[in-house]
Amino acid sequence: MPTGLFPNLRRFSRRYVLPRWRWYVAGTFAVVLTNWMAVRIPVELAHGLDALRAGASEQATVAQAALHIFLFGAAIIVVRTASRLWFFTPARVIEFDLREDLFAQFLSLQPDFYATFRTGDLLSRATTDITFARAFAGFATLQGANIIAALITALGQMAAFSPKLTALAAVPIGIGFLVVQQGSARLMTLQRDTQQQQGMYADQLLGALQGISTVQAFNVEGPFADRLAAQAGLLRQNNVALAKLRALVFPLFTVSGGIAIGLLLGFGGQMVLDGELTAGALAAFLSLVAYLIMPLRLMGFLLPVFQRAEASLERIHAIFDAPIARPERDRPDLNTEASTPVNHPPALSVLHLNYAYPGGAPALIDLCFEVPAGGSLGIFGRSGSGKSTLLRVLSRLHNPPAGTVQVDGHDLTALDLDAWRRRVVFVPQTAWLFSETIAENIALGLPRETLEPAVEAAALKLDLAALPNGIETVVGERGIVLSGGQRQRVALARGLAHAGEGGQSLLLFDDVLSAVDHHTEQILIRTLLGRDKHAHKPPPTCVIVTHRMSALQHCDRVLVLDGGRAVAYGTHAELLAQPGFYQDSWHAQQGTP
Amino acid sequence: MKTPSLWSRLWPDIKPDWPRFAIAIASVPLISALGAAQPVLMKRVLDEHIVVARADGLWQAALVYIAAVAGSFVVEGAYTVALSVGAENTIFRLRERIVRHTLSLSQRFFERQPTGQVLTRATSDVEALSEALSQGSISILLDVSNMAAVLLAMFWLDARLTLALLGLAPPLIAMIEFFRRRMRSLFAEVRDALAALNAFTAERLAGIETLQLYAQEARTQERFRSLDAEHRDANVKNNFYDASLYALIDGISSMCVALMVYWGARRLGVADASGVTVGLVVAFVDYIDRLFRPLREFSGKVTFLQRAAASLEKIFWLLDVDEHITPGSQDLPAGTHASGRLALRDVRFAYTEGNDILKGITLTVEPGEVVAVVGRTGSGKSTLVRLLARVHDGYRGSIEVDGVELRELSPHSVRRAIGSVRQEVQLFTDTLRFNLTLGEDVNAERLQEALELTNASVIAARHPAGLDQPIRERGANVSAGEGQILALARAMVRDPEIVILDEATASVDPLSERLLQEGIERVFARKTCLVIAHRLSTIVNADRIIVLEAGEVAEMGTHAELIALGGAYARLYAEGFDAAEGTTTA
């Protein structure tokens, strides 16, 4: 557990801010210079005012003071611009770096991680939370430097005029500062709650919108709207508490500064009357106090920025600290020939495989089977029997326990994940398409000219012909909405294209054959399984989940799953001969009782 | 739409809180007066006591100043609270208005409109409005009022000096305007870059598994980097103008002080001129600061308003969408519970004008009858289901439920009469129970009965927390088959008279399907049922089969009759019925 004050801000600073120290040193220099000049102005003003009281004989002195003030003002324009640029530019660069690193982490994190986070939540970390981190690196550092510089220069100058008055002014301002600090802690909690509730509201609304046809078909618009209103009510309650606290806390600096000025007028006025101070010096003193109020007010903004950034960085660091499920990295001793190129399809050997999703009931129980290189296994079973889970484990979207899955005699979890994923082609049940052209969705980086056979094999040609721009049609949110079947065929084409030569691949198909008609299915399955006499390529190793027995009968072996267990395992003919689920289903599909 | 009319349309949401906004507006002159008075009070202490060495009344005068400061604090506090609470209440109401309106829009709207955009209306757009209400609108009024009060006080103290200083105003305003314009176009650039970056991030996060399965990490990171860099560069450019504007205003206010002192020096030589006193200079330094502070924040506040106006336009665009399923008002006669007769006469429907998907469907389903509808992709099966589920409106011809026209029925009666199960199961991120009741109060026995009937009880038993098991985002912890069973249970929970079932194609395996079918049939024995059937068992066991072809009823009869007929049905049968079935979800 990180300890101490603002552990996440410190960690962020070490990693991102400190390496850019040159910018910040230059910026700090400019800030100090700005403040020094800004404090010189009241001093010149004091000279000018006292000379003014002396009368016409001092006219030249007054004019000179005016000139000095003017020159300081002009110089401040240049130096203050520089100071802001030298703090804000590195902050933007840091934001860029942080975003980049976070996105890279997102790409590295595996499905177990994504199962425990809502996408909306992750997105808000990548957007809003990063903004707060940047506000710390830019706004907060600039204002922090500015406040410190202003305090030192202005207080120094005030003390030079009168230590007694300086101490007097410090009392109300100090009290105000302490009260604000108290309030800020509460502000932080409220702000965090608001952030969270905004996210929850958005998630709930998104769910209702995505399920709108169900909501309407069941006439439950009312209950759904009530549920959303309750959530919005919590958000409102929180925001109101926040607004009230803000109304009290932030103006306290102004009011404490105002009280300080009032006290100074009384006490300082008496000092002038007693001859301890000139009237010009008192006037200068007053404007220095006024000058101090602005940075102190900003300090009111600054604390929440620190606190928001700390909370945001805690959320961002949680992503960076999330374990990346790549056990092979912890076991370099086991890392075998994984990175060396292979030129044969993998042979799978599964021994006593048990798997449960994190925090879930067992999904796969004691599975044992073998698929030789270039062989095929069909998987059959009811919904929820673990078919999809098995494919997800074989693709290593989830890691099986060590030693339970062997690939060519090596433990699957010891293989380099990237290398394994390049060998595996997994087409899941629900297809994900990006808002790009169909060609881009299929290619995902492959050369365009290699797509044709896959498009043909996935029976996508007819679909493409009906689309406005054929394979160059943009799909998704910013384009054409494809039907479920079309989406699946695009995903199938993508899978087939990436299986490429097939020479070293493991193909995992999760119920995708239902997207094509029987005729296409038969051609496809024959080609994939190497049953095609004219095939000149070695077939890939295939594991195919399907309800179509017309496809299963071509597989070397079939594994029947029920409740995560293997209830039958053998060739199609063997299973057909045994009374049971497989046989029953065969008859159901053939239409014979 | 003109901006003022946009804001006036917000009135219904503002109205209940008008006293709060009235308090805020009423406190504006008071805040301005108290603020503008402070330098005058300070000047009085300086010029009437300190400079002229009059100790008498010095402290009283100083205390009056302190009282003005404390008064400002109290009034400004009341102003902020009234305004913020009013703003929060307003956007709460607006949110509710948007949500209730949106949920009532027809499917056609949602087919056109990306969900993310609709979501933004009730989240980011509403939040932008909240900012504008609490920190934009009346706050600008306060700024203007403050500046007016300050100018008034300055004229009153020294009109000639004030005029001289105001001579600086036109170039200053021109300069600020130049910067504002430059920054506005840069801001648009920044905003577009950010939108592109966020959209990319959102989509890649949602499709992360696909990226990982196809080893797209490096390629994706590269594309992300270029978007990220565009965003950074646009911001760095914007920073320069932002920083310069800020510093310019700061520096110029100092130059004003210089000018004032110089003015004092010039007047020293003039015999009859009222001198520039210490108090006057101190007061004017304070006033100049009070004049410049709103100027400095003005562009920010205007941005709030501009953003809010853009958001309001989008919000009202949504609220103006008038594509509802108009609910009827007629209730089914009470006590006809055992009934459920469905009669379609010459039903025609088109998604787009002149392109009929259903071309005159006439069929009657008698109470308790199970009718299977079969047909190829595009034959109009799914459209028929959608019409009956009242997802789509605007059919021609007549659909009668127990003798009452469907479009005339009240929502309550439709719900009592028809339960539908769609192919695509929509699950909500909430508990299993919520996904069945959909937030309605459902009798516990009724719920249990539906669970047992559909074997959804088996699914509940599979999860450790039973019915209270949370369903993860997009039903991540529910398999497709489980989802189908839940969807059926969901329909049965409401005990409808007529059940419209669009049978699952690929998701549910034959045995689960059979289990399901057993349960359904127990209910269907008492109910009218129209099934878009894909499974042979369902089709064969139906009382009657209707074959749709190109939006028309091509054949009708039992399995044996239709096979004997040797027509469209026989061809479908030979193909196994589920040919290219995936496309029917369109």
Side-chain angles (χ1 to χ4, degrees), chain A residues 48-49 52 56 59 62-63 66 69-70 73 76-77 80-81 84-85 88 92 96 99 103 107 126 202 207 209 211 214 217 219-221 223 225 228 232 236 239-240 243 247 255 258 262 265-266 269 272 279 283 382-384 421 426 432 444-445 477 483-485 514-515 517 547 585 588 591, chain B residues 45 50-51 58-59 62 65-66 69 73 77 80-81 84 88 92 95 99-100 103 114-115 123 207 210 213-215 217 219 224 232 235 239 243-244 247 251 254-255 258 261-262 264-265 268 278 282 389 411 415 426 428-429 438-439 479 481-482 506 509-510 512 536 579-580 582-583 585-586:
Chain A
L49 287 177
L52 207 56
Q59 195 177 20
V62 179
I69 293 172
F70 188 89
I76 278 175
I77 294 175
R80 200 183 266 293
T81 304
R84 288 176 79 83
L85 279 180
F88 287 164
R92 286 294 174 185
F96 170 85
R99 232 185 252 281
F103 193 75
L107 289 175
L209 292 175
T214 300
N219 274 289
V220 285
E221 293 92 335
L228 278 160
R236 169 176 62 171
N239 278 338
V240 164
V255 88
L265 283 171
V272 175
R382 303 162 205 265
S383 58
R421 293 255 173 86
F426 179 16
W432 178 266
L444 291 178
E477 291 245 310
S483 77
S514 55
D517 61 33
H547 293 120
S585 301
Chain B
V45 182
I50 297 172
V51 174
L58 168 68
W59 267 106
Y65 174 81
I66 291 176
V69 170
F73 174 68
T80 311
V81 170
S84 309
E88 283 301 325
F92 173 79
R95 263 205 173 103
V99 166
R100 292 203 189 270
L103 292 182
T115 321
T123 53
T210 306
L213 282 170
Y214 288 94
E217 288 93 337
R219 233 180 112 239
F224 180 82
R232 177 197 58 199
N235 266 308
N239 269 353
S244 311
S254 295
M255 290 162 138
V261 175
Y262 181 68
L268 276 179
V278 173
V282 171
R415 176 174 28 186
Q426 291 169 326
F428 301 96
T429 314
L438 296 179
S479 79
E482 287 177 325
D509 57 279
S512 288
L536 188 68
T583 50
T585 52

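Quick caveat: nothing in here was measured; it's all calculated off a predicted structure. Protein chains get the first letters and strands the later ones, always in sequence-line order, with residue 1 at the start of each.
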**Message:** Among A/Gly211, A/Pro223, A/Ala63, which residue has the highest count of heavy-atom pairs closer than 4.5 Å to chain B?
**Reply:** A/Gly211

**Message:** My understanding is that only residues two or more places apart in sequence, or in another chain, count here; which of them pass side chain to side chain donor-acceptor pair (under 3.5 Å) with B/Arg100?
**Reply:** A/Asp226, B/Glu96

**Prompt:** Which atom pair, heavy atoms only, marks the closest approach of A/Ala66 to B/Ala258?
**Reply:** O-CB, 3.2 Å

**Heavy-atom neighbours of B/Tyr214 OH exceed 12 at 6.0 Å** = yes

**Request:** For chain A, find which of B/Tyr262, B/Phe224, B/Phe73 contributes the most heavy-atom pairs closer than 4.5 angstrom.
**Result:** B/Phe224

**Prompt:** What residue in B/Val282, B/Val261, B/Leu213 has the most heavy-atom pairs under 4.5 Å with chain A?
**Reply:** B/Leu213

**Message:** Please identify, among B/Val51, B/Ile66, B/Val81, the residue contributing the most non-hydrogen atom pairs under 4.5 Å to chain A.
**Reply:** B/Ile66

**Prompt:** Checking heavy atoms, do the side chain of A/Leu228, its backbone, both or neither come under 4.5 Å from chain B?
**Reply:** side chain

**Asked** If you count heavy-atom pairs under 4.5 Å between each of B/Thr80, B/Thr210, B/Thr123, B/Val99 and chain A, which one has the most?
**Response** B/Thr210

**Item:** Heavy-atom pair with the smallest gap, counting every atom of A/Ala232 and B/Arg95
**Value:** CB-CD, 4.2 Å

**Message:** Tell me the closest heavy-atom pair linking B/Leu58 and A/Gly269, and the distance in Å.
**Reply:** CD2-C, 4.0 Å

**Item:** Shortest non-hydrogen separation from A/Gly262 to B/Ala62 and the atoms involved
**Value:** O-CB, 3.5 Å

**Request:** Can you measure from CD1 (A/Ile76) to CE (B/Met255) and round to the nearest 0.5 angstrom?
**Result:** 9.5 Å

**Request:** Give the minimum heavy-atom separation between A/Arg84 and B/Ala243, together with the two atoms involved.
**Result:** CB-CB, 3.6 Å

**Asked** Given the options A/Leu49, A/Val220, A/Leu85, A/Leu107, which has more heavy-atom pairs under 4.5 Å with chain B than any of the others?
**Response** A/Leu107

**Residue pair A/Gln59 / B/Ala265: nearest heavy atoms and the distance that separates them** = NE2-O, 2.6 Å

**Complete:** Rounded to the nearest 0.5 angstrom, the OG-CD1 distance for B/Ser254 and A/Ile77 is 8.5 Å

**Item:** Interface residue of largest heavy-atom contact number with chain B, from A/Ala225, A/Gly48, A/Ala243, under 4.5 Å
**Value:** A/Ala225

**Asked** What part of B/Val278 gets closer than 4.5 Å to chain A, counting heavy atoms only: side chain, backbone, both or neither?
**Response** both

**Prompt:** A/Ala126 versus chain B, heavy atoms under 4.5 Å apart: side chain, backbone, both or neither?
**Reply:** side chain

**Item:** Distance in Å, B/Glu88 CD paired with A/Arg236 CZ, rounded so as to fall on 0.5 Å steps
**Value:** 8.5 Å

**Short side-chain to backbone donor-acceptor contact, B/Gln426 and A/Thr214, under 3.5 Å** = yes

